[in-house]
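To start, the structure itself, in structure tokens.
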Amino acid sequence: MAQFEGRQVSATQRKLTTIFSADVQGYSRLMEADEEGTLATLKQYRDAMARLIASHGGRVVNTWGDGLIAEFPSVVEAVRAAVDVQNELGEHNEGRPTESRMLFRIGINLGDVIVEGDDIYGDGVNIAARLQTQAAPGGVVISSTVYDQVRNKVPVGFEFLGNLSVKNIEEGVPSYAVKVGESSLETAPRPTPATHFGRNPAPPPAATQIPEVNAPGIMANLALPRLFGVLGVIGIALIAINLFSWHGVFWARWPLFAFAMIVLLASVKRGQFGDRSIASLAVIGLGLVAINLISWSGEFWARWPLLGLAIVAAIRWVTRRGDNPAR
């Protein structure tokens, strides 16, 4: 075996990773209608996308034109990031005229890639890009390698689309549409079934529908501006009732505190404050301080749970830095 010492099988570096590919549907049309406005919107949406990708432990590998490639060490976090991206961008689009809405399509694949510096190449990347072209505007399409990892771990439904024909992949790639918000009502284009030496693709498995779990309750499903509006109206009404029926106690402070926590947790859920775990700990800490002050009895007891939360947040931050040294 000594003759093999120091011999390198290949100079090429490879790794298994989750590839996230996104681009804008109808980008050329948007540019023709309003070049400067489209570029400004693209920057805004891409910044939001990069923030959400980072909050789920991913990194943006490359951008070009209207496209973006990112990678994730976790398959589950990649799909969660895609769902959060489409939900947040959907909220941004709600206030825009239909003809000027910017809708991204996202494809996700788990595959082996070639690593060159900070960039990645290979069939794994090509498959993600091909899946993205099959997604509905505002939708997400994943490969079967991704589906196998996330089908029981992400609170969304999936629809089997068939075997996607991909260059250099003889038998095709089974693909699934992820049902994301309103995009789940749209029908993604059906890929051309791929055959291999006359064989038909395997029959599709039954679509998996996992009941959606929302936190902190039904209110969290509302777009943030509407959530602020609804809770603001309710809060004003409670203050008015408290004042009109005044008996020396300002009891409305407790529902107002609850409303503030709902808004903060809904913002954390949508990745508004970066890392959701650390942001959740911060919100809990603020809530404890608020409870301590509202029910003040001469002692600041919240300092001890705040110390514990700070230690947990610091451990989370250190471990994330260790898992993602490039960030």
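Small disclaimer: the values here were computed from a predicted structure and weren't measured. Computation of the quantities below employed the complete heavy-atom set of this structure, encompassing side-chain atoms and omitting hydrogens, waters and symmetry-equivalent molecules.
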- May I have the step-by-step check of side-chain hydrogen bond (donor to acceptor under 3.5 Å, both in side chains) for Thr133 and Arg130, ending in yes or no? CA-CA 5 Å; Thr133 65; Arg130 184 75 174 90; 3.1 Å; yes
- Message: Pair Glu77, Arg80 - check salt bridge (charged side-chain N to carboxylate O under 4.0 Å, His left out), show working.
- Response: CA-CA 5 Å; Glu77 290 301 319; Arg80 287 175 175 168; 2.8 Å; yes
- Step-by-step salt bridge (charged side-chain N to carboxylate O under 4.0 Å, His left out) determination, Glu116 to Arg14: CA-CA 9 Å; Glu116 188 173 295; Arg14 309 188 72 100; over 6 Å; no
- Message: Run Arg105 and Asp23 through salt bridge (charged side-chain N to carboxylate O under 4.0 Å, His left out) and show every step you take.
- Response: CA-CA 6 Å; Arg105 302 173 300 182; Asp23 84 345; 3.2 Å; yes
- Message: Under the criterion salt bridge (charged side-chain N to carboxylate O under 4.0 Å, His left out), I'd like the reasoning laid out for Arg59 against Glu71: C-alpha separation, chi angles, the key distance, then a yes or no.
- Response: CA-CA 6 Å; Arg59 75 175 183 96; Glu71 68 165 337; 2.8 Å; yes
- Hey, mind stepping through Leu30 and Asp34 against side-chain contact (heavy atoms from CB on, under 4.5 Å) and telling me if it holds? CA-CA 6 Å; Leu30 293 172; Asp34 180 5; over 6 Å; no
- Item | Worked check of side-chain contact (heavy atoms from CB on, under 4.5 Å) between Leu42 and Tyr27 | CA-CA 10 Å; Leu42 177 63; Tyr27 183 69; 3.7 Å; yes
- Please assess Gln132 against Ile106 for the test side-chain contact (heavy atoms from CB on, under 4.5 Å), listing each intermediate value before the final yes or no. CA-CA 5 Å; Gln132 162 257 302; Ile106 298 175; 5.8 Å; no
- Residue pair Phe250, Leu256: steps toward the side-chain contact (heavy atoms from CB on, under 4.5 Å) verdict: CA-CA 11 Å; Phe250 185 57; Leu256 290 175; 4.3 Å; yes
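Asp66 places a side-chain N or O within donor-acceptor distance of the main-chain N or O of Val24, the cut-off being under 3.5 Å. Side-chain atoms of Asn242 come within 3.5 Å of backbone N or O of Ala252 as a donor-acceptor pair. Without hydrogens or angle criteria, Asn292 side chain to Leu288 main chain gives no donor-acceptor distance under 3.5 Å. A donor-acceptor contact shorter than 3.5 Å links the side chain of Arg303 to the backbone of Phe300. At distances below 3.5 Å, at least one donor-acceptor pair connects side-chain atoms of Arg29 with backbone N or O atoms of Glu99. Looking at Arg46, its side chain does come within 3.5 Å of a backbone N or O of Gly67 through a donor-acceptor pair. Counting only distance, with no hydrogens or angles, the side chain of Gln86 and the backbone of Phe104 share a donor-acceptor pair below 3.5 Å.
By the neighbour-count criterion of 12 heavy atoms within 6.0 Å, atom CH2 of Trp64 is densely surrounded, having more than that number from other residues, nucleotides or ligands.
Trp301 and Leu306 are members of different hydrophobic clusters when ILVMFWY side chains are connected at heavy-atom separations under 4.5 Å. Hydrophobic clustering, with ILVMFWY side chains joined whenever heavy atoms are under 4.5 angstrom apart, groups Ile291 together with Ile294. One hydrophobic cluster, built from ILVMFWY side chains closer than 4.5 Å, cannot hold both Ile127 and Val125; they sit in different ones. Taken together through direct or relayed side-chain contacts under 4.5 Å among Ile, Leu, Val, Met, Phe, Trp and Tyr, Val289 and Trp296 form part of one hydrophobic cluster. Both Val150 and Leu16 are assigned to one and the same hydrophobic cluster, defined by single-linkage of ILVMFWY side chains at heavy-atom distances under 4.5 Å.
Ser295 contributes atom OG, which lies 4.5 Å from atom CH2 of Trp254 (distance to the nearest 0.5 angstrom). Between the CZ atom of Arg101 and the CD atom of Gln25 there is a distance of 14.5 Å, given to the nearest 0.5 Å. In this structure, the separation between CG on Asp84 and CD1 on Ile53 is 11.0 Å, given to the nearest 0.5 Å. If you take OG on Ser175 and CD1 on Ile108, they are separated by 13.0 Å, rounding to the nearest 0.5 Å. Rounded to the nearest 0.5 Å, atoms CG (Leu286) and CG (Leu281) are 11.0 Å apart. Rounded to the nearest 0.5 Å, atoms OG1 (Thr17) and CD1 (Ile120) are 6.0 Å apart.
Salt bridge status for Asp47 with Arg51: absent, with no side-chain N to carboxylate O gap under 4.0 Å.
Applying the side-chain contact (heavy atoms from CB on, under 4.5 Å) test between Val283 and each of Leu264, Val263, Leu309 identifies Leu264 as the sole match. Among the candidates Val61, Asn126, Ile19, the single residue satisfying the side-chain contact (heavy atoms from CB on, under 4.5 Å) test with Val113 is Ile19.
Within the 4.5 Å cutoff, the side chain of Val154 has heavy atoms near those of the Val76 side chain. Inter-residue side-chain proximity for Leu89 and Met102 is flagged as unmet; no heavy-atom pair is nearer than 4.5 Å. Side chains of Val85 and Tyr45 form no contact here, defined as non-hydrogen atoms less than 4.5 Å apart. Val178 is not listed as a side-chain neighbour of Val141, based on a closest heavy-atom distance of 4.5 Å or more.
Phe160 and Pro174 make their closest contact through CE1-CB, 3.9 Å (heavy atoms, listed as atom of the first residue, atom of the second, distance). Considering every non-hydrogen atom in both Val249 and Trp246, the closest pair reads O-CZ3, 3.6 Å. Taking all atoms of both residues into account, the shortest heavy-atom contact from Pro73 to Gly57 is CD-O, 3.3 Å. Minimum interatomic distance between Gly138 and Leu103 (heavy atoms only, all atoms of both residues): N-CB, 4.0 Å. Minimum heavy-atom separation, Ile142 to Leu131: C-CD1, 4.0 Å. Minimum interatomic distance between Ser143 and Leu110 (heavy atoms only, all atoms of both residues): OG-N, 3.9 Å.
For Asp119 and Tyr121, the side-chain atoms include at least one donor-acceptor pair closer than 3.5 Å.
Residues Phe72 and His56 place their aromatic rings such that the two centres sit no closer than 6.0 Å.
Between Tyr147 and Tyr176, the ring planes are parallel. Angles under 30° get that label, and only those over 60° would be called perpendicular.
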